[in-house]
Amino acid sequence: MNKPRASNDIFKLPPPLFDARCKACWFVVGLLVLVVASFWSLDLQWGQFFSLEAAQSMGRFLAEFFPPDTSPAFLSKVALGAWETLAMSALGTVLAAVAGLALALPASRLFEGDTAWGRAPTRLVLNALRSIPELVWAALLLISAGLGPFAGTLALALHTTGVLGRLFAEAIENTPPGPAAALRVQGVGNFRVFVYATLPQVLPQLMSYTLYRWENNIRAAAVLGVVGAGGLGQLLAFHMGLFQMNKTATILAAMLLMVAVVDAASHTSRRLLTR
């Protein structure tokens, strides 16, 4: 007896949950196998982690954070470090946005039939830039740039260039081709086509990507100071190394406050740009 068929292919029922044709099912099974293998291969000492002795040790450690140091002299030092961290992240993101856009053009196919001879090598450069973490870039740049925020700013700029360049290239390639094609038919050159047709369409998306990476760079800039790249991270590493936990608590509170304010401002800006 033949099985009933849907009157329209669009409304066909999905395959059974464990049907061999269900690609999503096989993906979920593979993911579960990977998770189980990860738990099996790692030496995770859950019993020791949840033991009463571990809880007591953590409680004693957290008690050392209180009360935080709120002396005016130290708060001014923390405020200066927070401003340095904010400046590092902002400048690094701006440099990365400019460099990322410059590399996104040769890394993308601007129109159908474009040879895009520089697409593969440019994307290889972008992959190399973003595959190296900010901490590694900072450690390498400390040799030439020395201790301080300059090395941290360059490290953020290099890593973020790789990230934004790839995102910008994908956004440019996915732009609706109609306006650009209409200008090319009139004999307009590629540069003017990009400025007047492609860029206005993708600009809100590029700005959204840039603001989102700025949020990430705030956190990264705070961590980069641990290797001597300035900002709050350098204060954090110094006072934690001396086991001055009340000062450490003040620095951590400043980090949380700064990240929360920047996240809220960036989220609001992205919503205004993408309306």
Side-chain angles (χ1 to χ4, degrees), residues 62 64-100 129-165 167 207-270:
L62 292 177
E64 296 178 1
F65 284 83
F66 298 95
D69 188 346
T70 56
S71 61
F74 186 69
L75 288 179
S76 64
K77 187 185 297 186
V78 171
L80 181 61
W83 171 252
E84 197 171 72
T85 298
L86 186 65
M88 285 168 54
S89 65
L91 182 57
T93 304
V94 169
L95 293 175
V98 174
L129 289 174
R130 73 173 182 272
S131 64
I132 301 176
E134 298 95 331
L135 273 174
V136 179
W137 276 122
L140 294 173
L141 291 168
L142 284 174
I143 300 173
S144 57
L147 294 173
F150 184 44
T153 302
L154 292 179
L156 290 174
L158 287 172
H159 178 79
T160 310
T161 294
V163 176
L164 289 181
L167 292 174
M207 291 297 297
S208 179
Y209 286 146
T210 303
L211 289 171
Y212 178 70
R213 285 304 307 179
W214 184 37
E215 295 177 26
N216 294 337
N217 284 343
I218 287 285
R219 304 177 185 91
V223 175
L224 288 180
V226 174
V227 296
L232 285 176
Q234 191 163 340
L235 282 176
L236 181 65
F238 177 77
H239 290 291
M240 282 194 70
L242 296 177
F243 297 99
Q244 297 174 344
M245 294 308 170
N246 57 339
K247 296 182 183 296
T248 300
T250 304
I251 297 170
L252 291 176
M255 285 183 175
L256 292 174
L257 179 61
M258 182 176 61
V259 170
V261 170
V262 171
D263 282 357
S266 180
H267 177 69
T268 303
S269 300
R270 287 203 311 273

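The first residue of the sequence shown is numbered 1, and numbering continues consecutively from there.
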**Student:** For the CG atom of N216 and the CG atom of L211, what is their distance to the nearest 0.5 Å?
**Tutor:** 11.5 Å
**Student:** Considering residues at least two apart in sequence or located in another chain, which fulfil the side-chain hydrogen bond (donor to acceptor under 3.5 Å, both in side chains) criterion with T160?
**Tutor:**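 Only N217 meet the side-chain hydrogen bond (donor to acceptor under 3.5 Å, both in side chains) criterion with T160.
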**Student:** Quick one, L232 with M258, criterion side-chain contact (heavy atoms from CB on, under 4.5 Å). Give me CA distance, side-chain angles, the key distance, then yes/no.
**Tutor:** CA-CA 11 Å; L232 285 176; M258 182 176 61; 3.9 Å; yes
**Student:** Report the distance from atom CE of M255 to atom CZ of R219, rounding to the nearest 0.5 Å.
**Tutor:** 12.5 Å
**Student:** At their closest point, which heavy atom of A73 faces which heavy atom of S76, and how far apart are they?
**Tutor:** O-OG, 2.6 Å
**Student:** How long is the gap from CG on L158 to CG on L140, to the nearest 0.5 Å?
**Tutor:** 10.0 Å
**Student:** Starting at CD1 of I251, measure out to CG of N246 and round the result to the nearest 0.5 Å.
**Tutor:**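 CG of N246 is found 9.5 Å from CD1 of I251.
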**Student:** Scan residues 228-252 for pairs that pass salt bridge (charged side-chain N to carboxylate O under 4.0 Å, His left out), counting only residues two or more places apart or in two chains.
**Tutor:** D69-K247
**Student:** Who are the ring-ring contact (aromatic ring centres under 6.0 Å, His included) partners of F65, not counting sequence neighbours?
**Tutor:** F61
**Student:** Partners of F74 by ring-ring contact (aromatic ring centres under 6.0 Å, His included), sequence neighbours excluded?
**Tutor:** H239
**Student:** Among L224, L91, T93, find the residue that satisfies the side-chain contact (heavy atoms from CB on, under 4.5 Å) test when tested with L156.
**Tutor:** L224
**Student:** Might you point out which heavy atoms bring A254 and V78 nearest each other, and give the distance in Å?
**Tutor:**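 Taking every non-hydrogen atom into account, CB-CG1, 3.5 Å.
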**Student:** How many angstroms lie between atom CH2 of W137 and atom CD1 of I132, to the nearest 0.5 angstrom?
**Tutor:** 4.0 Å
**Student:** Go through the structure and list residues passing side-chain hydrogen bond (donor to acceptor under 3.5 Å, both in side chains) with T210, not counting sequence neighbours.
**Tutor:** none
**Student:** Run the side-chain contact (heavy atoms from CB on, under 4.5 Å) check on L86 and W214 step by step: do they pass?
**Tutor:** CA-CA 10 Å; L86 186 65; W214 184 37; 3.9 Å; yes
**Student:** Indicate the atoms forming the closest heavy-atom contact of T85 with I218, along with that distance.
**Tutor:** CG2-O, 4.0 Å
**Student:** Side chains of H159 and L129, heavy atoms from C-beta outward: is any pair under 4.5 Å?
**Tutor:** no
**Student:** In chain order, what residues pass the salt bridge (charged side-chain N to carboxylate O under 4.0 Å, His left out) check against R130, with sequence neighbours excluded?
**Tutor:** none
**Student:** Within this structure, what is the CG-OG1 distance for the pair L242 and T248, rounded to the nearest 0.5 Å?
**Tutor:** 9.0 Å
**Student:** L141 and A155: which non-hydrogen atoms are nearest, and at how many Å?
**Tutor:** CD1-N, 3.5 Å
**Student:** What are the two closest non-hydrogen atoms of P68 and T250, and how far apart are they?
**Tutor:** CB-OG1, 3.5 Å
**Student:** With a 4.5 Å cut-off on side-chain heavy atoms, are L142 and F150 touching?
**Tutor:**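 F150 vs L142: side chains apart.
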